[in-house]
2 protein chains.
Amino acid sequence: MTRADSRAHILQVAGPIFAKDGYQSTTIRRICEAAGVNVAAVNYYFGDKERLYIEAVKHARDLLEERWPLPKWTESTPADERLRGLIHTFIRRLISPAQGEWQMKLILREIIEPSGAARELVQEGFAPFFNVLTELIQQLLPCGASDPQIHQIGFSVIGQCVFYAAHQQVVDLMIEEVERAEHFDADSLAEHVWRFTKSALAEYSRTDSIVNRAKADNADQLLKQEHQA
Amino acid sequence: MTRADSRAHILQVAGPIFAKDGYQSTTIRRICEAAGVNVAAVNYYFGDKERLYIEAVKHARDLLEERWPLPKWTESTPADERLRGLIHTFIRRLISPAQGEWQMKLILREIIEPSGAARELVQEGFAPFFNVLTELIQQLLPCGASDPQIHQIGFSVIGQCVFYAAHQQVVDLMIEEVERAEHFDADSLAEHVWRFTKSALAEYSRTDSIVNRAKADNADQLLKQEHQA
DNA sequence: CTACCGTTTAAACAGCTGTTTGAATCGCGT
DNA sequence: ACGCGATTCAAACAGCTGTTTAAACGGTAG
(Lines give C-alpha, C1' and ligand atoms only; values in the text may rest on other atoms or scores of the structure.)
Protein backbone atom coordinates (compact mmCIF):
# COMPACT_ATOMS: atom_id res chain seq x y z
CA MET A 1 0.00 0.00 0.00
CA THR A 2 1.49 3.32 -0.99
CA ARG A 3 1.14 6.59 0.94
CA ALA A 4 -1.61 7.81 -1.37
CA ASP A 5 -3.70 4.69 -0.77
CA SER A 6 -4.10 4.92 3.00
CA ARG A 7 -4.65 8.66 2.99
CA ALA A 8 -7.27 8.40 0.26
CA HIS A 9 -9.00 5.50 1.95
CA ILE A 10 -9.34 7.42 5.20
CA LEU A 11 -10.61 10.53 3.43
CA GLN A 12 -13.11 8.47 1.48
CA VAL A 13 -14.71 6.72 4.44
CA ALA A 14 -14.48 9.71 6.79
CA GLY A 15 -16.91 11.88 4.82
CA PRO A 16 -20.06 9.76 5.10
CA ILE A 17 -19.34 8.90 8.74
CA PHE A 18 -18.82 12.52 9.77
CA ALA A 19 -21.96 13.47 7.81
CA LYS A 20 -24.07 10.87 9.56
CA ASP A 21 -22.85 11.18 13.15
CA GLY A 22 -21.31 14.66 13.36
CA TYR A 23 -17.82 15.65 14.45
CA GLN A 24 -18.06 14.92 18.15
CA SER A 25 -19.87 11.60 17.90
CA THR A 26 -17.48 10.25 15.32
CA THR A 27 -14.44 8.44 16.69
CA ILE A 28 -11.23 8.09 14.72
CA ARG A 29 -11.23 4.45 15.73
CA ARG A 30 -14.47 3.95 13.82
CA ILE A 31 -13.10 5.72 10.76
CA CYS A 32 -9.90 3.72 10.81
CA GLU A 33 -11.81 0.49 11.25
CA ALA A 34 -13.93 1.34 8.20
CA ALA A 35 -10.83 2.28 6.23
CA GLY A 36 -8.94 -0.82 7.30
CA VAL A 37 -6.01 1.08 8.76
CA ASN A 38 -4.45 1.51 12.18
CA VAL A 39 -5.71 4.21 14.57
CA ALA A 40 -2.40 6.01 14.39
CA ALA A 41 -2.82 6.52 10.65
CA VAL A 42 -5.10 9.53 11.12
CA ASN A 43 -2.54 11.34 13.19
CA TYR A 44 0.25 10.22 10.88
CA TYR A 45 -1.40 11.55 7.73
CA PHE A 46 -3.60 14.41 8.95
CA GLY A 47 -2.03 15.51 12.23
CA ASP A 48 -5.20 15.31 14.27
CA LYS A 49 -8.92 14.68 14.11
CA GLU A 50 -9.91 18.25 13.35
CA ARG A 51 -7.65 18.59 10.34
CA LEU A 52 -9.01 15.33 8.97
CA TYR A 53 -12.52 16.73 9.40
CA ILE A 54 -11.65 19.93 7.55
CA GLU A 55 -10.09 17.91 4.73
CA ALA A 56 -13.22 15.75 4.57
CA VAL A 57 -15.46 18.81 4.29
CA LYS A 58 -13.38 20.29 1.49
CA HIS A 59 -13.33 16.93 -0.23
CA ALA A 60 -17.11 16.82 -0.09
CA ARG A 61 -17.31 20.27 -1.69
CA ASP A 62 -14.94 19.19 -4.49
CA LEU A 63 -17.00 16.08 -5.19
CA LEU A 64 -20.23 18.10 -5.42
CA GLU A 65 -18.77 20.75 -7.71
CA GLU A 66 -17.24 18.11 -9.91
CA ARG A 67 -20.44 16.08 -10.15
CA TRP A 68 -22.81 19.02 -10.64
CA PRO A 69 -20.86 21.84 -12.30
CA LEU A 70 -22.47 25.17 -13.06
CA PRO A 71 -24.42 24.98 -16.34
CA LYS A 72 -22.77 26.38 -19.48
CA TRP A 73 -24.72 29.12 -21.23
CA THR A 74 -24.47 30.68 -24.65
CA GLU A 75 -24.92 34.41 -25.17
CA SER A 76 -28.46 33.82 -26.35
CA THR A 77 -29.62 31.90 -23.24
CA PRO A 78 -32.36 34.06 -21.70
CA ALA A 79 -31.99 35.12 -18.07
CA ASP A 80 -34.94 33.14 -16.76
CA GLU A 81 -33.64 29.97 -18.41
CA ARG A 82 -30.27 30.62 -16.76
CA LEU A 83 -32.02 31.01 -13.42
CA ARG A 84 -33.77 27.72 -14.00
CA GLY A 85 -30.49 25.95 -14.70
CA LEU A 86 -28.86 27.48 -11.65
CA ILE A 87 -31.67 26.38 -9.34
CA HIS A 88 -31.68 22.87 -10.77
CA THR A 89 -27.91 22.59 -10.27
CA PHE A 90 -28.10 23.86 -6.71
CA ILE A 91 -30.90 21.51 -5.74
CA ARG A 92 -29.16 18.55 -7.36
CA ARG A 93 -26.11 19.35 -5.28
CA LEU A 94 -28.32 19.44 -2.21
CA ILE A 95 -30.24 16.25 -2.93
CA SER A 96 -28.32 13.88 -5.16
CA PRO A 97 -31.00 11.51 -6.46
CA ALA A 98 -29.19 8.20 -6.35
CA GLN A 99 -26.34 8.69 -3.90
CA GLY A 100 -26.55 8.85 -0.16
CA GLU A 101 -26.32 12.64 -0.44
CA TRP A 102 -23.79 12.76 2.39
CA GLN A 103 -21.70 15.52 0.86
CA MET A 104 -24.13 18.38 1.34
CA LYS A 105 -25.16 17.03 4.73
CA LEU A 106 -21.56 17.31 5.84
CA ILE A 107 -21.22 20.82 4.41
CA LEU A 108 -24.42 22.00 6.09
CA ARG A 109 -23.13 20.62 9.37
CA GLU A 110 -19.96 22.64 9.01
CA ILE A 111 -21.98 25.78 8.22
CA ILE A 112 -24.16 25.34 11.29
CA GLU A 113 -21.24 24.46 13.55
CA PRO A 114 -18.15 26.09 12.02
CA SER A 115 -14.79 24.55 12.86
CA GLY A 116 -12.23 26.12 10.58
CA ALA A 117 -13.40 25.20 7.11
CA ALA A 118 -16.60 27.25 7.15
CA ARG A 119 -15.23 30.61 6.11
CA GLU A 120 -13.27 29.20 3.19
CA LEU A 121 -16.23 27.04 2.24
CA VAL A 122 -18.55 30.00 1.97
CA GLN A 123 -16.10 32.38 0.37
CA GLU A 124 -14.77 29.97 -2.24
CA GLY A 125 -17.70 27.64 -2.79
CA PHE A 126 -20.83 29.63 -2.12
CA ALA A 127 -19.93 33.23 -2.95
CA PRO A 128 -19.31 32.72 -6.69
CA PHE A 129 -22.57 30.83 -6.92
CA PHE A 130 -24.45 33.54 -5.08
CA ASN A 131 -22.94 36.26 -7.26
CA VAL A 132 -24.17 34.58 -10.43
CA LEU A 133 -27.58 34.23 -8.83
CA THR A 134 -27.88 37.88 -7.84
CA GLU A 135 -26.74 39.01 -11.28
CA LEU A 136 -29.54 36.99 -12.83
CA ILE A 137 -32.05 38.38 -10.37
CA GLN A 138 -30.96 41.90 -11.22
CA GLN A 139 -31.49 41.20 -14.90
CA LEU A 140 -34.97 39.87 -14.21
CA LEU A 141 -35.95 42.94 -12.18
CA PRO A 142 -36.75 46.46 -13.44
CA CYS A 143 -33.95 48.99 -13.16
CA GLY A 144 -33.89 50.75 -9.80
CA ALA A 145 -33.98 47.75 -7.48
CA SER A 146 -31.50 48.23 -4.64
CA ASP A 147 -28.65 45.88 -3.73
CA PRO A 148 -30.17 44.90 -0.36
CA GLN A 149 -33.41 43.97 -2.11
CA ILE A 150 -31.54 41.82 -4.60
CA HIS A 151 -29.58 40.14 -1.80
CA GLN A 152 -32.78 39.41 0.10
CA ILE A 153 -34.31 37.82 -2.97
CA GLY A 154 -31.12 35.82 -3.50
CA PHE A 155 -31.36 34.36 -0.02
CA SER A 156 -35.05 33.67 -0.61
CA VAL A 157 -34.06 31.41 -3.49
CA ILE A 158 -31.25 29.75 -1.54
CA GLY A 159 -33.45 29.34 1.53
CA GLN A 160 -36.16 27.54 -0.38
CA CYS A 161 -33.63 25.12 -1.85
CA VAL A 162 -31.68 24.47 1.34
CA PHE A 163 -34.77 23.76 3.40
CA TYR A 164 -35.55 20.52 1.65
CA ALA A 165 -32.03 19.23 2.18
CA ALA A 166 -31.42 20.44 5.72
CA HIS A 167 -34.87 19.73 7.12
CA GLN A 168 -36.02 16.79 5.10
CA GLN A 169 -37.22 15.22 8.33
CA VAL A 170 -39.91 17.86 8.64
CA VAL A 171 -41.13 17.23 5.11
CA ASP A 172 -41.13 13.48 5.79
CA LEU A 173 -43.29 13.94 8.89
CA MET A 174 -45.72 16.36 7.23
CA ILE A 175 -46.24 14.89 3.75
CA GLU A 176 -47.60 11.44 2.88
CA GLU A 177 -45.19 9.11 1.14
CA VAL A 178 -47.12 8.94 -2.14
CA GLU A 179 -47.22 12.74 -2.45
CA ARG A 180 -43.54 12.92 -1.53
CA ALA A 181 -42.51 10.46 -4.19
CA GLU A 182 -44.47 12.33 -6.85
CA HIS A 183 -43.90 16.01 -5.97
CA PHE A 184 -40.88 16.26 -3.67
CA ASP A 185 -38.06 14.78 -5.72
CA ALA A 186 -35.16 17.00 -6.77
CA ASP A 187 -36.51 17.90 -10.21
CA SER A 188 -40.06 18.66 -9.04
CA LEU A 189 -38.77 20.86 -6.24
CA ALA A 190 -36.38 22.70 -8.53
CA GLU A 191 -39.18 23.39 -10.99
CA HIS A 192 -41.38 24.68 -8.19
CA VAL A 193 -38.70 26.96 -6.75
CA TRP A 194 -37.98 28.33 -10.21
CA ARG A 195 -41.65 29.02 -11.00
CA PHE A 196 -42.29 30.52 -7.59
CA THR A 197 -39.29 32.84 -7.88
CA LYS A 198 -40.01 33.73 -11.49
CA SER A 199 -43.58 34.61 -10.57
CA ALA A 200 -42.54 36.89 -7.74
CA LEU A 201 -40.00 38.63 -9.97
CA ALA A 202 -42.59 39.02 -12.74
CA GLU A 203 -45.04 40.62 -10.33
CA TYR A 204 -42.30 42.94 -9.08
CA SER A 205 -41.59 44.00 -12.67
CA ARG A 206 -45.26 44.39 -13.58
CA THR A 207 -46.17 46.63 -10.66
CA ASP A 208 -42.81 48.37 -10.25
CA SER A 209 -43.46 47.92 -6.51
CA ILE A 210 -39.87 47.02 -5.81
CA VAL A 211 -38.56 50.28 -7.26
CA ASN A 212 -41.06 52.29 -5.26
CA ARG A 213 -40.00 50.38 -2.15
CA ALA A 214 -36.33 51.06 -2.91
CA LYS A 215 -37.04 54.76 -3.23
CA ALA A 216 -39.01 54.75 0.02
CA ASP A 217 -36.14 52.96 1.80
CA ASN A 218 -33.74 55.53 0.46
CA ALA A 219 -35.88 58.40 1.70
CA ASP A 220 -36.09 56.76 5.14
CA GLN A 221 -32.35 56.45 5.31
CA LEU A 222 -31.76 60.07 4.30
CA LEU A 223 -34.24 61.16 6.93
CA LYS A 224 -32.42 59.11 9.54
CA GLN A 225 -29.06 60.58 8.57
CA GLU A 226 -30.44 64.10 8.89
CA HIS A 227 -31.80 63.18 12.26
CA GLN A 228 -28.38 62.07 13.41
CA ALA A 229 -26.68 65.25 12.08
CA MET B 1 -33.88 24.89 48.19
CA THR B 2 -36.99 22.95 47.28
CA ARG B 3 -37.30 20.26 44.66
CA ALA B 4 -38.76 22.64 42.11
CA ASP B 5 -35.85 25.07 42.45
CA SER B 6 -33.01 22.76 41.52
CA ARG B 7 -34.91 21.13 38.69
CA ALA B 8 -35.92 24.49 37.27
CA HIS B 9 -32.41 25.87 37.58
CA ILE B 10 -30.92 22.98 35.66
CA LEU B 11 -33.55 23.21 32.94
CA GLN B 12 -33.02 26.94 32.65
CA VAL B 13 -29.26 26.85 32.16
CA ALA B 14 -29.25 23.65 30.09
CA GLY B 15 -31.13 25.17 27.15
CA PRO B 16 -28.63 27.85 26.11
CA ILE B 17 -25.65 25.55 26.68
CA PHE B 18 -27.10 22.71 24.60
CA ALA B 19 -28.01 25.24 21.92
CA LYS B 20 -24.51 26.67 21.74
CA ASP B 21 -22.41 23.51 21.95
CA GLY B 22 -24.72 20.70 20.85
CA TYR B 23 -25.67 17.53 22.68
CA GLN B 24 -22.39 15.65 22.46
CA SER B 25 -20.09 18.57 23.28
CA THR B 26 -22.11 19.58 26.30
CA THR B 27 -21.10 17.92 29.59
CA ILE B 28 -23.46 17.56 32.46
CA ARG B 29 -20.65 18.82 34.68
CA ARG B 30 -20.72 22.13 32.82
CA ILE B 31 -24.49 22.39 33.13
CA CYS B 32 -24.42 21.60 36.84
CA GLU B 33 -21.62 24.10 37.41
CA ALA B 34 -23.67 26.80 35.69
CA ALA B 35 -26.75 25.84 37.69
CA GLY B 36 -24.85 25.70 40.96
CA VAL B 37 -25.81 22.12 41.75
CA ASN B 38 -24.02 18.83 42.14
CA VAL B 39 -23.30 16.58 39.14
CA ALA B 40 -25.57 13.92 40.52
CA ALA B 41 -28.54 16.28 40.37
CA VAL B 42 -29.10 15.70 36.66
CA ASN B 43 -29.42 11.96 37.13
CA TYR B 44 -31.50 12.48 40.25
CA TYR B 45 -34.06 14.77 38.59
CA PHE B 46 -33.99 13.71 34.94
CA GLY B 47 -32.66 10.14 34.94
CA ASP B 48 -29.94 10.71 32.41
CA LYS B 49 -28.42 13.25 30.04
CA GLU B 50 -30.67 12.43 27.09
CA ARG B 51 -33.91 12.91 29.03
CA LEU B 52 -32.63 16.27 30.27
CA TYR B 53 -31.91 17.21 26.67
CA ILE B 54 -35.40 16.27 25.53
CA GLU B 55 -36.91 18.27 28.39
CA ALA B 56 -34.75 21.24 27.46
CA VAL B 57 -35.91 21.11 23.84
CA LYS B 58 -39.57 20.97 24.86
CA HIS B 59 -38.98 23.79 27.31
CA ALA B 60 -37.51 25.90 24.51
CA ARG B 61 -40.59 25.30 22.37
CA ASP B 62 -42.89 26.29 25.23
CA LEU B 63 -40.95 29.52 25.80
CA LEU B 64 -41.17 30.46 22.13
CA GLU B 65 -44.87 29.75 21.82
CA GLU B 66 -45.57 31.66 24.99
CA ARG B 67 -43.49 34.66 23.95
CA TRP B 68 -44.68 34.83 20.33
CA PRO B 69 -48.18 33.35 20.21
CA LEU B 70 -50.06 33.07 16.94
CA PRO B 71 -51.73 36.41 16.08
CA LYS B 72 -55.44 36.81 16.82
CA TRP B 73 -57.59 37.68 13.85
CA THR B 74 -61.10 39.00 13.52
CA GLU B 75 -63.46 37.72 10.83
CA SER B 76 -62.73 40.77 8.74
CA THR B 77 -58.94 40.39 8.68
CA PRO B 78 -58.05 39.83 5.01
CA ALA B 79 -56.06 36.73 4.08
CA ASP B 80 -52.93 38.57 2.99
CA GLU B 81 -52.81 40.50 6.25
CA ARG B 82 -53.13 37.20 8.12
CA LEU B 83 -50.26 35.81 6.08
CA ARG B 84 -48.22 38.86 6.99
CA GLY B 85 -48.89 38.34 10.70
CA LEU B 86 -48.06 34.66 10.48
CA ILE B 87 -44.73 35.29 8.76
CA HIS B 88 -43.81 38.00 11.25
CA THR B 89 -44.62 35.69 14.17
CA PHE B 90 -42.61 32.83 12.71
CA ILE B 91 -39.55 34.98 12.00
CA ARG B 92 -39.71 36.53 15.46
CA ARG B 93 -39.70 33.05 16.92
CA LEU B 94 -36.68 32.26 14.78
CA ILE B 95 -34.75 35.46 15.53
CA SER B 96 -35.77 37.02 18.82
CA PRO B 97 -34.49 40.58 18.53
CA ALA B 98 -33.11 41.18 22.02
CA GLN B 99 -32.59 37.71 23.44
CA GLY B 100 -29.79 35.34 22.60
CA GLU B 101 -32.21 33.47 20.36
CA TRP B 102 -31.04 30.15 21.78
CA GLN B 103 -34.48 28.54 21.77
CA MET B 104 -34.90 28.13 18.03
CA LYS B 105 -31.25 27.21 17.64
CA LEU B 106 -31.82 24.32 20.01
CA ILE B 107 -34.98 23.26 18.22
CA LEU B 108 -33.29 23.38 14.82
CA ARG B 109 -30.50 21.21 16.21
CA GLU B 110 -33.02 18.63 17.34
CA ILE B 111 -34.68 18.69 13.91
CA ILE B 112 -31.39 18.15 12.11
CA GLU B 113 -30.21 15.49 14.54
CA PRO B 114 -33.34 13.90 16.02
CA SER B 115 -32.97 12.28 19.42
CA GLY B 116 -36.48 11.46 20.62
CA ALA B 117 -38.18 14.84 20.83
CA ALA B 118 -38.16 15.60 17.10
CA ARG B 119 -41.33 13.79 16.11
CA GLU B 120 -43.39 15.29 18.89
CA LEU B 121 -41.85 18.70 18.20
CA VAL B 122 -42.93 18.67 14.58
CA GLN B 123 -46.33 17.11 15.11
CA GLU B 124 -47.36 19.27 18.04
CA GLY B 125 -45.43 22.47 17.42
CA PHE B 126 -44.97 22.80 13.71
CA ALA B 127 -47.92 21.01 12.16
CA PRO B 128 -50.65 23.36 13.50
CA PHE B 129 -48.61 26.33 12.32
CA PHE B 130 -48.11 24.80 8.89
CA ASN B 131 -51.81 24.00 8.56
CA VAL B 132 -52.80 27.62 9.19
CA LEU B 133 -50.21 28.69 6.64
CA THR B 134 -51.42 26.36 3.92
CA GLU B 135 -55.04 27.37 4.50
CA LEU B 136 -54.07 31.00 3.96
CA ILE B 137 -52.13 30.12 0.83
CA GLN B 138 -55.14 28.28 -0.52
CA GLN B 139 -57.30 31.33 0.07
CA LEU B 140 -54.81 33.51 -1.77
CA LEU B 141 -54.68 31.21 -4.79
CA PRO B 142 -57.33 30.72 -7.48
CA CYS B 143 -59.54 27.66 -7.08
CA GLY B 144 -58.06 24.55 -8.66
CA ALA B 145 -54.60 24.59 -7.10
CA SER B 146 -53.65 21.10 -5.98
CA ASP B 147 -52.63 20.08 -2.47
CA PRO B 148 -49.04 19.26 -3.44
CA GLN B 149 -48.67 22.70 -5.00
CA ILE B 150 -49.96 24.35 -1.84
CA HIS B 151 -47.63 22.25 0.30
CA GLN B 152 -44.65 23.19 -1.88
CA ILE B 153 -45.50 26.87 -1.53
CA GLY B 154 -45.90 26.44 2.21
CA PHE B 155 -42.39 25.02 2.49
CA SER B 156 -41.14 27.85 0.27
CA VAL B 157 -42.36 30.31 2.89
CA ILE B 158 -40.94 28.28 5.78
CA GLY B 159 -37.65 27.74 3.97
CA GLN B 160 -37.11 31.44 3.41
CA CYS B 161 -37.73 32.17 7.07
CA VAL B 162 -35.67 29.32 8.49
CA PHE B 163 -32.65 30.09 6.34
CA TYR B 164 -31.84 33.30 8.12
CA ALA B 165 -31.96 31.63 11.51
CA ALA B 166 -30.22 28.37 10.69
CA HIS B 167 -27.55 29.75 8.36
CA GLN B 168 -26.99 33.21 9.72
CA GLN B 169 -23.26 32.60 9.37
CA VAL B 170 -23.59 32.58 5.60
CA VAL B 171 -25.43 35.89 5.61
CA ASP B 172 -22.80 37.34 7.93
CA LEU B 173 -20.00 36.31 5.59
CA MET B 174 -21.75 37.54 2.45
CA ILE B 175 -23.32 40.84 3.52
CA GLU B 176 -21.54 43.92 4.87
CA GLU B 177 -22.38 44.86 8.42
CA VAL B 178 -24.03 48.19 7.58
CA GLU B 179 -26.38 46.52 5.09
CA ARG B 180 -27.10 43.74 7.56
CA ALA B 181 -28.03 46.14 10.33
CA GLU B 182 -30.40 48.02 8.05
CA HIS B 183 -32.03 45.28 5.94
CA PHE B 184 -31.51 41.94 7.69
CA ASP B 185 -33.20 42.43 11.05
CA ALA B 186 -36.26 40.36 11.92
CA ASP B 187 -38.87 42.89 10.80
CA SER B 188 -37.17 43.78 7.50
CA LEU B 189 -36.77 40.10 6.65
CA ALA B 190 -40.37 39.32 7.55
CA GLU B 191 -41.61 42.15 5.36
CA HIS B 192 -39.46 40.91 2.48
CA VAL B 193 -40.63 37.31 2.80
CA TRP B 194 -44.23 38.47 2.94
CA ARG B 195 -43.93 40.70 -0.15
CA PHE B 196 -41.99 38.08 -2.08
CA THR B 197 -44.58 35.42 -1.30
CA LYS B 198 -47.53 37.72 -1.91
CA SER B 199 -46.08 38.71 -5.29
CA ALA B 200 -45.62 35.12 -6.38
CA LEU B 201 -49.17 34.24 -5.32
CA ALA B 202 -50.55 37.33 -7.10
CA GLU B 203 -48.81 36.36 -10.32
CA TYR B 204 -50.14 32.80 -9.94
CA SER B 205 -53.66 34.21 -9.60
CA ARG B 206 -53.28 36.68 -12.44
CA THR B 207 -52.09 34.16 -15.01
CA ASP B 208 -53.91 31.10 -13.68
CA SER B 209 -50.66 29.26 -14.44
CA ILE B 210 -50.88 27.22 -11.28
CA VAL B 211 -54.27 25.79 -12.19
CA ASN B 212 -53.05 24.87 -15.66
CA ARG B 213 -50.04 23.21 -14.08
CA ALA B 214 -52.27 21.29 -11.67
CA LYS B 215 -54.36 20.05 -14.57
CA ALA B 216 -51.26 19.03 -16.50
CA ASP B 217 -49.93 17.14 -13.46
CA ASN B 218 -53.26 15.36 -13.15
CA ALA B 219 -53.19 14.36 -16.80
CA ASP B 220 -49.64 13.04 -16.39
CA GLN B 221 -50.66 10.95 -13.44
CA LEU B 222 -53.70 9.47 -15.18
CA LEU B 223 -51.50 8.60 -18.13
CA LYS B 224 -49.03 6.90 -15.84
CA GLN B 225 -51.78 4.89 -14.13
CA GLU B 226 -53.10 3.70 -17.50
CA HIS B 227 -49.59 2.72 -18.46
CA GLN B 228 -49.29 0.56 -15.36
CA ALA B 229 -52.65 -1.15 -15.96
C1' DC C 1 23.20 -8.09 1.25
C1' DT C 2 22.66 -3.94 3.75
C1' DA C 3 21.27 0.40 5.26
C1' DC C 4 17.77 3.45 5.14
C1' DC C 5 13.37 5.80 5.22
C1' DG C 6 8.51 5.87 4.83
C1' DT C 7 4.87 3.29 6.72
C1' DT C 8 2.34 0.29 9.85
C1' DT C 9 1.54 -1.76 14.15
C1' DA C 10 0.04 -2.98 19.05
C1' DA C 11 0.21 -1.07 23.27
C1' DA C 12 0.00 2.38 26.47
C1' DC C 13 -1.19 7.09 28.01
C1' DA C 14 -3.58 10.78 30.26
C1' DG C 15 -7.79 12.95 30.37
C1' DC C 16 -12.54 13.38 30.26
C1' DT C 17 -17.20 11.30 30.00
C1' DG C 18 -21.91 9.84 32.10
C1' DT C 19 -23.29 7.49 35.90
C1' DT C 20 -23.42 5.38 40.60
C1' DT C 21 -22.70 5.13 45.44
C1' DG C 22 -23.33 5.72 50.26
C1' DA C 23 -23.02 8.93 53.59
C1' DA C 24 -24.24 13.66 55.09
C1' DT C 25 -27.61 17.22 55.27
C1' DC C 26 -31.94 19.47 55.15
C1' DG C 27 -36.94 20.47 55.88
C1' DC C 28 -40.92 19.32 58.12
C1' DG C 29 -44.87 16.90 60.36
C1' DT C 30 -45.47 14.84 64.79
C1' DA D 1 -36.75 17.12 70.03
C1' DC D 2 -37.30 13.39 67.23
C1' DG D 3 -37.57 10.68 63.07
C1' DC D 4 -38.12 10.16 58.33
C1' DG D 5 -38.15 10.90 53.60
C1' DA D 6 -36.34 14.00 50.18
C1' DT D 7 -32.35 16.14 48.64
C1' DT D 8 -27.38 17.20 48.26
C1' DC D 9 -22.68 16.05 48.33
C1' DA D 10 -17.80 14.41 47.43
C1' DA D 11 -15.79 10.58 45.79
C1' DA D 12 -15.20 6.83 42.99
C1' DC D 13 -16.30 3.99 38.90
C1' DA D 14 -15.81 1.97 34.41
C1' DG D 15 -15.49 3.09 29.83
C1' DC D 16 -14.21 5.57 25.97
C1' DT D 17 -11.66 9.44 23.83
C1' DG D 18 -7.67 11.49 20.92
C1' DT D 19 -3.01 11.07 20.87
C1' DT D 20 1.75 9.25 21.48
C1' DT D 21 5.30 5.86 21.59
C1' DA D 22 8.74 2.74 20.29
C1' DA D 23 9.25 -1.32 17.99
C1' DA D 24 8.46 -3.90 13.63
C1' DC D 25 7.84 -4.04 8.80
C1' DG D 26 8.64 -3.38 3.71
C1' DG D 27 10.45 -1.90 -0.31
C1' DT D 28 14.31 0.25 -2.62
C1' DA D 29 18.82 2.57 -3.73
C1' DG D 30 23.69 1.81 -3.21
Side-chain angles (χ1 to χ4, degrees), chain A residues 1-60 106 109-110 112-118, chain B residues 1-60 106 109-110 112-118:
Chain A
M1 239 193 232
T2 117
R3 171 181 179 92
D5 279 343
S6 282
R7 227 191 98 97
H9 267 121
I10 294 173
L11 210 50
Q12 207 176 340
V13 303
I17 296 177
F18 275 132
K20 185 150 75 91
D21 297 339
Y23 179 76
Q24 282 289 343
S25 295
T26 299
T27 68
I28 63 174
R29 277 179 172 79
R30 173 148 163 53
I31 290 176
C32 291
E33 195 181 346
V37 301
N38 188 272
V39 243
V42 163
N43 298 305
Y44 181 74
Y45 285 108
F46 297 92
D48 57 18
K49 185 186 177 186
E50 189 176 358
R51 269 176 284 182
L52 164 62
Y53 179 72
I54 292 175
E55 289 284 315
V57 173
K58 290 182 183 172
H59 183 232
L106 181 56
R109 264 191 197 280
E110 171 62 14
I112 291 173
E113 202 158 1
S115 72
Chain B
M1 236 192 236
T2 111
R3 170 184 181 89
D5 279 342
S6 282
R7 226 192 98 98
H9 268 119
I10 294 173
L11 210 50
Q12 208 176 338
V13 303
I17 296 177
F18 275 133
K20 185 150 75 87
D21 297 340
Y23 178 77
Q24 282 290 341
S25 295
T26 299
T27 68
I28 64 174
R29 276 177 174 82
R30 171 146 166 55
I31 290 176
C32 291
E33 194 181 346
V37 301
N38 189 271
V39 248
V42 163
N43 298 318
Y44 182 74
Y45 284 109
F46 298 92
D48 57 20
K49 186 187 177 185
E50 187 176 359
R51 268 176 285 181
L52 165 61
Y53 179 73
I54 292 175
E55 290 284 315
V57 173
K58 289 183 182 172
H59 182 233
L106 180 57
R109 264 191 198 281
E110 171 62 15
I112 290 171
E113 204 156 1
S115 72

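Throughout, a chain's letter reflects where its sequence line sits, starting with A, and its residues are numbered from 1. Predicted model, so just to flag it, every value in this text is computed and none were measured.
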Inset, instruction - Would you indicate whether the side-chain heavy atoms of B/Q24 and B/E113 approach each other to under 4.5 Å? - result: no
Inset, instruction - Give the rounded distance in Å between these two atoms: CG of A/D5 and C1' of C/dT8. - result: 14 Å
Inset, instruction - Tell me what A/T26 touches on the nucleic acid: a base, only sugar-phosphate, or nothing, going by heavy atoms under 4.0 Å. - result: sugar-phosphate
Inset, instruction - Using atom CD of A/E50 as one end and atom C1' of D/dG18 as the other, report the distance to the nearest whole Å. - result: 12 Å
Legend entry - Nearest-Å distance for atom pair CD1/P, residues B/I17 and C/dG18: 12 Å
Legend entry - Residue-phosphate contact under 4.0 Å: A/Y44 side-chain N/O, D/dT20 OP1/OP2: no
Legend entry - Interatomic distance where CZ belongs to A/R30 and P belongs to D/dT19 [whole Å]: 18 Å
Legend entry - Rounded interatomic separation in angstrom, taking CD from B/Q24 and P from C/dC16: 17 Å
Inset, instruction - Output the single nucleotide from D/dA10, D/dT8, C/dT17 whose closest atom is nearest the side chain of B/A40. - result: D/dA10
Inset, instruction - For the residue pair B/S115 and B/E110, confirm or rule out a side-chain donor-acceptor distance under 3.5 Å. - result: yes
Inset, instruction - State, yes or no, whether a side-chain contact exists between A/C32 and A/V42 at a heavy-atom distance under 4.5 Å. - result: yes
Inset, instruction - Could you check if a side-chain atom of A/D21 sits within less than 4.5 angstrom of a side-chain atom of A/R30, using non-hydrogen atoms only? - result: yes
Inset, instruction - Would you indicate which nucleotide in D/dT19, C/dT8, C/dT20 comes nearest to any side-chain atom of B/N43? - result: C/dT20
Inset, instruction - Would you mind reading off the distance between B/E33 atom CD and C/dC16 atom P, rounded to a whole angstrom? - result: 13 Å
Inset, instruction - Measure up the B/Y23 and B/F18 rings against each other and bin them: parallel (under 30°), tilted (30 to 60°), perpendicular (over 60°). - result: parallel
Inset, instruction - Side chain of A/N38 only, please: which of C/dA10, C/dG18, D/dT19 is the nearest? - result: C/dA10
Legend entry - Listed nucleotide nearest any side-chain atom of A/R29, set D/dT17, C/dT8, C/dT19: D/dT17
Inset, instruction - Would you please confirm or rule out a distance under 4.0 Å between OP1 or OP2 of D/dT7 and any side-chain N or O of B/S6? - result: no
Inset, instruction - Please state how far atom CZ in B/F46 lies from atom P in C/dG18, giving the value in whole angstrom units. - result: 15 Å
Inset, instruction - Round to the nearest Å and state the distance from A/I10 atom CD1 to C/dT7 atom P. - result: 12 Å
Legend entry - Shortest side-chain distance from B/I28, nucleotide among D/dT19, C/dG18, D/dC9: C/dG18
